[in-house]
Every structure is written in C-alpha cells, then in structure tokens.
Amino acid sequence: MTDFIPGRFDAQVALVVGGAQGIGKAIGVRLAREGARLVIADIDRAMLARTQKEIRAGGGDVRTLYCDVRKKPGVDRTVAQIIRWYQRIDVMVYVAGVGKAVPFVQTDEKLWDWTLGINLRGGFLFARAVAPHMVKQRRGKLIFMASTNAWDAEAEMAPYNVSKTGLFILAKTLARELGHYGINSNALGPGLIRTRLSEPFLKNPEFMKKYQDLIPVGRVGNPEDVAGPAAFLASRDADYVNGVLLFVDGGQLA
Ligand SMILES: NC(=O)c1ccc[n+]([C@@H]2O[C@H](COP(=O)([O-])OP(=O)(O)OC[C@H]3O[C@@H](n4cnc5c(N)ncnc54)[C@H](O)[C@@H]3O)[C@@H](O)[C@H]2O)c1
C-alpha cells in the first residue's frame, strides 16, 4: 500500500541517478507525485523516454538526462545542467547499479571493475559533484542505494558485495563530514526486489526455494516497497537521521 503525501517535496529539486527503471523509477515516481521537480539521469535512453512520458502523464514535473556514471565529464555535465535549470539540488538518490553472480575463482578484473565502476565509483563521482552545491545551500539529502549485501555477504557476488559495503561507508563518511552543513547522508538496503536486475535470481527455482524461506513477510519486494523509505530519507522527517543503513528487506536480516 502506498500513501502519497501530497506537497511533501513542493519546490524541491530531486535527482535520481539510475532512475529510468526498477527501484530508481519507483523512487522518482513517488518524489514527483509528492511535488518534487525531478531529474532522472540514466544510461538507458529508451527507458528514460518511456519513464519521462509516464511521469508527465501523471502530472509530474520531470526532466531526463543521458549519463553514463562511469564517465566523470558526463557526471559533472549532468549536475551542471541541473544547476543551470534550477540553481539548486535538494535531494540526490544514487541508484545506478549492476550485479552478476559469478563464482569467485572465475571473477576477473573486468567484472570487478565494471561492478565497482558503476555501483561505487559512480556514487562517489555524483556525491562529489553534488555536495558542493548542498554545502552552499546549507541543506541537502544524499541517499545511496546499497543492499542487504552491504551487510550479509552473498556467495558468488564478491564485487557486488564490496561495492555495496563501500557505498554504505561512503554514506557514513559524508554523514560525519557534511552533517554540520545541514546535509544528511544515508543508505538503503533492499533485500530481493522484483526488477530486471534480480530477474535471473527470480527465475532460478533452486535459489527461490531457499530464499523465500528467509523472508519473514513471505514475499519478494516490489520497487514501490523501496520508494516509501527512500522518500522518508529524502524528507524533513529524516532531518535527524544521518549515517544509517535502512534495510528494506521484509525482515530478511532480522
Ligand atoms: N533488485 C534487487 O533485488 C535489489 C536489491 C538490493 C539492491 N538493489 C540495488 O538497487 C539499484 C537498482 O537496481 P534495480 O534492481 O532497480 O535494477 P535495474 O536494472 O532495473 O535498474 C538499474 C538502473 O541503473 C541504470 N544504469 C546501469 N548502468 C548505468 C550506467 N553506467 N550509467 C547510468 N545508469 C546506469 C540502468 O539503466 C537502470 O535504469 C541497484 O543499485 C541495485 O544494486 C537491487
């Protein structure tokens, strides 16, 4: 169930990086429905166009920007464009991510660099580009999409696990360093959520048999299950929440 809070983000500018589909899209939809001026940055042009159309059809204020989070000039251009449009950024949700299950002995440096490049280095690049504006504003919310894997190591997911733990400690570091500028920095830790990324796992009956027993609420999550907690962390209600990893996992880690 989703209870929208109309007007919660009125006049606020929110950037969702990796918001063309999946969890990021659900977060964008929610922020826009609650009044934010939303910007979605993503590498997938087709999904960006579809999502923009959908959000606009629902009355949301949204713009999209193509960006590959691995390329620093593109990251800097994205943030500069948002500042040209709105002169501020109130919320940045870093959601872009990839993950692939490969046994450790077959994990090569290409898979390592790809995973950490998108999941962790991209988060650093965006935080580095956005933070100076939030410091100037004396206000801002940074939210990083980690995972239960930031806490609980999943076999055959070494680069992914490391990238998500890295994002969490990045969020905590920024919480310490930027808190006195009115900036909150937190991470979210979804469990298994039904998206394109998790499809190979969802389609694996052996994996699902083992996994479903691990989730006390008895179901796999939907992207919308993550959107509410993300909106909370982005809101004034979370002004005193700083440096946490908020699990959204149906109790998997309980
Ligand atoms: N689905 C799950 O079960 C689950 C669980 C925990 C955490 N997460 C995390 O949530 C985030 C979103 O995942 P999802 O499940 O919605 O997957 P998804 O594949 O639906 O969405 C990922 C988005 O990131 C974008 N992206 C990928 N590479 C990019 C790049 N180089 N530059 C810019 N954008 C890029 C994709 O185009 C896509 O829109 C990821 O960080 C993922 O690790 C997912």
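In what follows, residues are counted from 1 in the order of the sequence shown. Counting convention: from 1, in listed order, for ligands and their atoms alike. Remember, it's a predicted structure, so these values are computed and weren't measured experimentally.
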ask   = With sequence neighbours left out, what residues match R37 under salt bridge (Lys or Arg N to Asp or Glu O under 4.0 Å)?
value = none

request  = Below 4.0 Å from any atom of ligand 1, which residues have a heavy atom? Give them in chain and number order, please.
outcome  = G18, A20, Q21, G22, I23, D42, I43, D44, C67, D68, V69, R70, V95, A96, G97, I118, M145, A146, S147, Y160, K164, P190, G191, L192, I193, T195, R196, L197, S198

ask   = Is it true that R219 and D225 have a side-chain N and a carboxylate O under 4.0 angstrom from each other?
value = yes

task = Report yes or no: do N242 and N184 form a side-chain donor-acceptor pair below 3.5 Å?
result = no

query = Are the charged groups of K141 and D239 less than 4.0 angstrom apart, N to O?
reply = yes

message = Under 4.0 Å between a side-chain nitrogen and a carboxylate oxygen: does that hold for K110 and D108?
response = no

request  = Indicate yes or no: does R30 engage E34 in a salt bridge with an N to O separation below 4.0 Å.
outcome  = yes

